[in-house]
Amino acid sequence: MTQEFEFQTEFAALRAIYAEIDELLARPADELRCVLPAVSGWSPEQQLAHLALANELVARNLRSLIKGAGMFVVDGGEPVPGALEVLATGAFPRGQAQAPRIVRPPEVVEREYLLEWLGASRAEFEALALLAPELRQTTKKVPHQVLGPLSASQWLRFASAHSRHHLAIACEILAARARAPANG
């Protein structure tokens, strides 16, 4: 039996995540551009860019599932072993998977683009929240490159758990930076 997730819970989680992102974006730009290799090879800004780009793809997948058609839409299949546990716990193993090229952040994140990407993905999730009944009805799936075929609720859970994961890394970098002795 495949595990499904509650749509409204996941949409609410995404709203909370985007509110936390707003708080981070109010910080000085140099803090958000800081890379601490001991924590991550990406800066907080790159973490946010990655999650925005990934969420854009999730939203596209959800739209395809509502239509019941699209290049990647399939009729069946199950997630790979362990995928549902990762989704349920939100515990993505760190450093074990490399982001696909399409969602890798640029070396230098242009603030205007980052704000545009985040705003667009947030707006798309708000629009999709209104379509939750259609999302509940679909039985189609779209494969994730690592997790395997995912249903609409699993894709939405991926978006919230994956976003929380990268937001936590961004916060971890900022906390480590704050603890580091000042260069003098």
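Throughout, residue positions are numbered sequentially from 1 according to the sequence presented. Predicted model, so just to flag it, every value in this text is computed and none were measured.
Residues Leu65 and Leu150 share a closest heavy-atom pair of CD1-O, 4.5 Å. Shortest non-hydrogen contact noted between Pro44 and Cys34 is CD-O, 3.1 Å. Minimum interatomic distance between Lys141 and Pro149 (heavy atoms only, all atoms of both residues): CD-CB, 4.0 Å. Minimum interatomic distance between Val73 and Ser64 (heavy atoms only, all atoms of both residues): CG2-CB, 3.7 Å.
Checked by atom type, the side-chain pair Tyr18/Ser163 shows no donor-acceptor distance below 3.5 Å. In the model, Ser153 has no side-chain atom that pairs as donor or acceptor with a side-chain atom of Glu10 under 3.5 Å.
Put simply, the side chain of Leu32 reaches to within 4.5 Å of the side chain of Arg111, judged on heavy atoms. Looking only at side-chain heavy atoms (C-beta outward), Leu128 and Phe11 come within less than 4.5 Å of each other.
Between Arg63 and Glu134, no side-chain nitrogen of the basic residue sits less than 4.0 Å from a carboxylate oxygen of the acidic one, so the salt-bridge criterion is not met. Contact check on Arg122 versus Glu126 returns no salt bridge, with no Lys/Arg side-chain nitrogen under 4.0 Å from an Asp/Glu carboxylate oxygen.
Applying the ring-ring contact (aromatic ring centres under 6.0 Å, His included) criterion to Phe158, with sequence neighbours excluded, gives Phe92, His144, Trp155, His162.
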Check: Passes side chain to side chain contact (heavy atoms under 4.5 Å, CB included), Leu62 versus Leu131? Steps please.
Finding: CA-CA 10 Å; Leu62 292 171; Leu131 300 173; over 6 Å; no
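In this structure a side-chain-to-backbone donor-acceptor pair under 3.5 Å is present from Arg94 to Val39.
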